[in-house]
Amino acid sequence: MRASDPQLAEALEAGSRVTAHTTRLGGVDVTEQVLSWQLERSYSTDLPDAMRAFSGSSSAQLQLQISGRDGSSAPQLYSPWARRLTGDIARPGQSVVHAYGTDTGTLPAFRGTLRNRSAASGTDTVVLTALDGAERLHGPAALPKPYAGFYWRRPVATATWCVDELLRQAGVLTAPPVRYPDFDASKPLTLVYASLHGGFAAPYGQPEIVPDPRHYSWTREGAPHEMALVPHTVAPDTAGLTASWFPRSRVTVPGSKLFAEAWVNSAVGIGSTVALEMDLNREGVETGRLRLAVDFSKGVIYMHSGTRDNNSGWYFSWSLPQLKTQPGVWHIGGLFDTTGTGDPVQPTVQPRLTGPDGTNYLFGAGTFNDPSAGQPVSELYQLRLVTSMATEGVQLSSGLPAMPTQAEFTQAGTWSKEAVLDEAILPLYSVPRISGSQWESLTQIAKASMSTAEFDERGIFRWRNYTRFAKAPTSPDLTLTSVRDVASLTVTEEIDACRNYCVQPYKDWTSVGVVSGTVYSDTAVREIPGNSSVVVEYLLAEEEFDVGPPNVDDDESVAPGFSVRFAASNAAGADAVKGAVDLMARREEGRLVLRFTNRTAQRLYTVLENGKPSVSVQTLKPSADPTERQATSSAPGSTSEKYYGRQEYFGDTSDWVQDYRAARGLADAMRAAGEHPVPVIGDVEVLYDPRIQLGDVIRLLDSSGAEVDTLAWVVGIKTASTGAGAMQQTLTLRGTRSNGVPADQNLTPDTHADHTPVPAGPSYAAVSSAYPTLGELSANGRTWRQVKEGTDV
């Protein structure tokens with residue numbers, strides 16, 4: 001229930017219902033012009049009505065009737081053809097905020113945007129209809145299609161991660177936003193952004209190394225913002241759990257400024273270290289490395305430059321005692337500047353951190369001078385996270401002009417948290433295809449996972465899992481009695497509500513591997529003028545999975561699959577050029593778009609050593625379709641089966657359920673919710689209470705007729721004011737439990753079939769006496785049945 005101030009609570013408990021409301025359109029108070037209003041919100045569930053469970057999305061709708069003012073009618077002021085000066089207050093898309101309560105105070109009831117307006121000429125009424133935050137989620141839904149899940153045969157995301165990503169696309173955030181999401185040649189670019197809100201999938205960048213799910217979990221408790229990756233165990237001889245991502249653009253070194261950052265909670269995890277490592281693809285097989293690491297047990301920050309293969313190089317370190325003395329949420333970041341001169345370049349590095357108390361720490365920059373720290377020409381290969389503590393919001397950006405300021409680093413005041421998620425559920429080896437709007441996709445996920453999606457009265461999005469049904473609630477948020485609060489109530493019960501044999505299908509990916517998909521070979525050598533870009537596009541089928549930017553080949557090593565080779569002349573035998581071209585890849589409306597940006601003044605060409613075009617694009621795909629299996633939850637011989645027989649409920653087949661444990665959890669939840677029929681509580685007209693919310697637990701006490709004393713969930717609320725002081729509120733309820741196990745006391749139920757022996761009919765002796773011979777029996781013309789049963793029919 002919504003919290004209220006003591007005065008409002010006391011007035012409601014005392015039975016006072018002197019109603020009041022406030023309404024704002026476009027930030028302007030129009031309360032006095034509201035003639036009537038109606039607000040309705042409910043879960044659009046498709047589960048059987050009487051199951052002790054509910055799911056689906058809830059989109060609240062507010063309808064207003066407003067009048068004119070200052071001698072002008074409402075149509076004159078607010079119709080679609082009214083002057084913009086007055087009409088824009090009621091235009092579609094305009095903000096609406098509504099609150100209702102009593103004369104002692106009001107509570108937020110609705111926050112959204114207008115959808116339509118209707119003005120009838122000759123009247124003083126304009127009818128407005130508004131939708132809550134769901135209106136913000138009408139953009140096209142899109143999710144990444146990483147191959148790493150079936151490549152490693154490990155979950156790459158969860159349904160919860162997909163929910164978070166769909167919300168992020170619409171600007172409904174659970175954590176700080178991506179710094180530089182859009183490509184602009186004159187601005188920085190985010191290369192990797194991994195929220196780690198229940199998955200390794202990323203909207204920018206692509207997961208490459210996915211850890212074993214036995215070694216980590218997703219947690220909301222202690223997460224810096226919403227959800228974090230928490231290691232459980234790590235492989236021997238490693239510093240922590242490892243995950244990595246390919247960047248969406250392989251920027252060049254020397255020439256780039258790379259800013260790596262993450263949020264960690266040093267009080268949650270199995271260790272005290274976290275590191276962000278950038279692998280650099282040098283000539284041959286050698287891999288360079290830039291590394292930011294923080295050791296909280298030692299109170300030291302490290303920034304390293306060198307190689308990965310033999311761990312050579314040099315590092316700077318900075319001491320920060322607060323790392324040891326202030327456990328909690330830290331924001332860590334480090335700038336690697338490789339724009340200096342020289343070959344190899346000596347990077348300049350500088351860390352920046354924010355502590356649990358909000359204190360910002362900026363340290364002095366250091367420039368390497370040891371030869372082992374130098375970085376020769378190369379391209380960014382991947383970003384690697386190695387952590388032993390709770391980690392969230394890993395991000396890598398390039399093109400920054402300098403170290404971010406404190407305000408830029410913290411992003412304070414640039415965003416607000418507008419969504420709250422539940423624990424991560426439904427691990428995904430392959431992210432399902434989606435279509436339609438973001439809200440339609442959220443609704444699909446909610447129904448597949450028995451979850452609920454809604455914007456509350458303050459405009460905050462809330463996602464709740466089926467785990468709320470694991471145990472029936474034992475205490476109510478509010479008690480409603482027929483003596484004072486309930487005006488009408490109908491309770492019914494039906495056997496069709498019983499579900500004691502529940503089956504949940506799922507797609508099993510555990511035996512699916514990875515094979516090569518389509519190979520696109522360029523048909524022409526591309527010329528890339530100095531300090532300019534060339535864009536190349538390839539058709540990419542909807543069912544094909546994402547690919548990262550191509551690797552850059554040289555004359556010493558050739559990367560199989562997705563690769564390109566550059567040379568300074570369009571001729572066979574021309575030497576390969578490394579570290580000169582930024583390569584960006586993005587998926588866009590059925591096309592794979594590659595952008596080659598030449599960072600040098602010389603012309604370059606996409607040509608192989610034999611003179612042929614060098615761009616080669618190879619996609620990966622699953623080796624087979626997943627196998628459809630079923631998880632079943634039943635209890636043979638249970639009390640439920642004894643009294644109601646075996647009653648099946650078959651869950652919908654969905655691409656969102658890809659794991660036996662997840663499917664079994666859903667099946668168990670369905671059986672727990674329907675093992676005994678729960679009485680259906682119809683629309684309940686109650687004494688208006690502005691504190692009631694969807695999902696509240698109500699205790700119903702009816703001593704006047706139905707003799708009800710039960711707990712029920714609120715799954716629908718309809719509140720309307722048709723005139724001054726006239727308020728009506730109707731609740732749709734879902735019972736939380738059945739009325740116990742049948743006793744059938746002093747009853748002996750009849751069996752399913754009547755087993756009373758039928759009359760035996762005439763004996764053999766009687767028949768032989770009446771018909772001594774067979775001829776006499778035949779001459780009589782009677783059938784055997786007539787003879788045996790002693791009838792003439």
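Among all heavy-atom pairs drawn from Trp161 and Gly199, the shortest one is CD1-N, 3.7 Å. Residue Asn265 comes nearest to Met389 through the heavy atom pair O-CB, 3.8 Å, listed as atom of the first residue, atom of the second, then distance. The two residues Pro213 and Pro155 make their nearest non-hydrogen contact at CG-CD, 3.8 Å. For the pair Arg154 and Asp212, the tightest heavy-atom approach, listed with the atom from each and the gap, is NH1-N, 3.5 Å. Residue Ala175 comes nearest to His197 through the heavy atom pair CB-CE1, 3.6 Å, listed as atom of the first residue, atom of the second, then distance. Ala275 approaches Arg291 most closely through the heavy-atom pair CB-NH2, 3.8 Å.
No hydrogens or angles considered: nothing links the side chains of Thr359 and Gln322 as a donor-acceptor pair under 3.5 Å. A donor and an acceptor atom, one from each side chain of Asp279 and Thr287, are nowhere located under 3.5 Å apart. Side-chain atoms of Thr174 and His225 form no donor-acceptor pair, as typed in the model, at a separation below 3.5 Å. When only modelled atom types and interatomic distance are considered, Thr160 and Glu423 share no side-chain donor-acceptor pair under 3.5 Å. With 3.5 Å as the limit, one finds no donor-acceptor pair spanning the side chains of Thr367 and Gln346. Using modelled atom types, one finds no donor on one side chain facing an acceptor on the other under 3.5 Å when comparing Asp546 with Gln206.
Contact annotation: the side chain of Leu385 never approaches that of Leu383 to less than 4.5 Å [non-hydrogen atoms, C-beta and beyond]. Under the 4.5 Å side-chain criterion, counting only non-hydrogen atoms from C-beta, Leu167 is in contact with Leu442. Side-chain contact between Leu594 and Val617: present, with at least one pair of heavy atoms (C-beta onward) separated by less than 4.5 Å. Side-chain contact between Asp343 and Val345 is absent, with no heavy atoms from C-beta onward closer than 4.5 Å. Within the 4.5 Å cutoff, no side-chain heavy atoms of Thr158 are placed close to those of Leu426. Between Tyr204 and Val178, the closest side-chain pair of non-hydrogen atoms falls below 4.5 Å.
Atom CD of Glu408 has more than 12 neighbouring heavy atoms from other residues, nucleotides or ligands inside a 6.0 Å radius.
Remark: the backbone N or O of Gly328 is paired with a side-chain donor or acceptor of Ser266 at under 3.5 angstrom. In this structure, Thr190 contributes its side chain and Tyr180 its backbone to a donor-acceptor pair below 3.5 Å. The backbone N or O of Pro404 sits less than 3.5 Å from a side-chain atom of Arg352, completing a donor-acceptor pair. Under a 3.5 Å cut-off, the side chain of His304 and the backbone N or O of Glu277 do not form any donor-acceptor pair.
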| task | Kindly indicate, with the supporting measurements, whether the criterion side chain to side chain contact (heavy atoms under 4.5 Å, CB included) is fulfilled by His232 and Arg214. | result | CA-CA 8 Å; His232 290 169; Arg214 296 173 298 178; over 6 Å; no
| said: For Ser616 and Ser563: C-alpha separation, side-chain torsions, deciding distance, then whether side-chain hydrogen bond (donor to acceptor under 3.5 Å, both in side chains) applies. | reply: CA-CA 5 Å; Ser616 177; Ser563 62; 5.1 Å; no
| For Thr338 and Gln375, what are the C-alpha separation, side-chain angles and deciding distance, and is it a side-chain hydrogen bond (donor to acceptor under 3.5 Å, both in side chains)? | CA-CA 8 Å; Thr338 68; Gln375 295 293 345; over 6 Å; no
| Please walk me through it: do Thr252 and Asp582 pass side-chain hydrogen bond (donor to acceptor under 3.5 Å, both in side chains)? | CA-CA 6 Å; Thr252 54; Asp582 286 355; 3.2 Å; yes
| side chain to side chain contact (heavy atoms under 4.5 Å, CB included) between Val515 and Leu620, intermediate numbers included | CA-CA 6 Å; Val515 295; Leu620 299 176; over 6 Å; no
| message | As a quick check of understanding, evaluate side chain to side chain contact (heavy atoms under 4.5 Å, CB included) for Glu543 and Lys621, giving each step before the final call. | response | CA-CA 9 Å; Glu543 64 271 13; Lys621 66 179 182 179; over 6 Å; no
| Steps toward side chain to side chain contact (heavy atoms under 4.5 Å, CB included) verdict (Glu226, Lys417) | CA-CA 9 Å; Glu226 184 59 30; Lys417 185 176 170 62; 2.2 Å; yes
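For the pairing with Lys578, the salt bridge (Lys or Arg N to Asp or Glu O under 4.0 Å) check across Glu286, Glu283, Glu379 returns one residue only, Glu379. When Arg595, Arg586, Arg587, Arg591 are each tested for a salt bridge (Lys or Arg N to Asp or Glu O under 4.0 Å) with Glu537, only one passes: Arg591. Among Trp318, Tyr315, Phe363, the one residue that satisfies the side-chain contact (heavy atoms from CB on, under 4.5 Å) test with Met303 is Trp318.
Partners of Thr354 according to the side-chain contact (heavy atoms from CB on, under 4.5 Å) rule, which considers only residues two or more places apart in sequence or in another chain, are His331, Asn360, Phe409, Thr410. Taking the ring pair (Phe, Tyr, Trp, His ring centres under 6.0 Å) definition, one finds that Phe183 meets it with nothing, sequence neighbours left out. Residues forming a ring pair (Phe, Tyr, Trp, His ring centres under 6.0 Å) with Phe566 (at least two apart in sequence, or on another chain): Phe596. Every side-chain contact (heavy atoms from CB on, under 4.5 Å) that Asp337 has, sequence neighbours left out, goes to Lys257, Thr339, Thr348. The ring pair (Phe, Tyr, Trp, His ring centres under 6.0 Å) search around Trp218 returns Phe200, Tyr216, not counting sequence neighbours.
The CG atom of Leu320 sits 12.0 Å away from atom CD1 of Ile332, with the distance rounded to the nearest 0.5 Å. Put simply, OG on Ser249 and CG on Leu191 are 6.0 Å apart, with the number rounded to the nearest 0.5 Å. One distance of note links CG of Leu540 with CD of Glu589; it measures 13.0 Å at 0.5 Å rounding. Here the CZ-CG distance, from Arg248 to Leu583, works out to 14.5 Å after rounding to the nearest 0.5 Å. Summarising the geometry, atom CG belonging to Leu137 is positioned 5.5 Å from atom CD belonging to Gln438; distances are rounded to the nearest 0.5 Å. If you take CG on Leu380 and OG on Ser256, they are separated by 8.0 Å, rounding to the nearest 0.5 Å.
Remark: Arg250 qualifies as a cation-pi partner of Phe246 under the 6.0 Å distance and 45° angle criteria applied to the six-membered ring.
Salt bridge annotation for Glu418-Arg136: present, with a cationic side-chain nitrogen under 4.0 angstrom from a carboxylate oxygen. Of the charged side-chain nitrogens involved, none lies within less than 4.0 Å of a carboxylate oxygen, so that Arg282 and Asp554 do not count as a salt-bridged pair. A salt bridge links Asp522 to Arg526: one of the charged nitrogens lies within less than 4.0 Å of a carboxylate oxygen.
Aromatic pair Phe336/Phe259: ring centres not closer than 6.0 Å.
Sorted by first then second residue, the side-chain hydrogen bond (donor to acceptor under 3.5 Å, both in side chains) pairs that include residues 139-151, not counting sequence neighbours, are Tyr147-Glu208.
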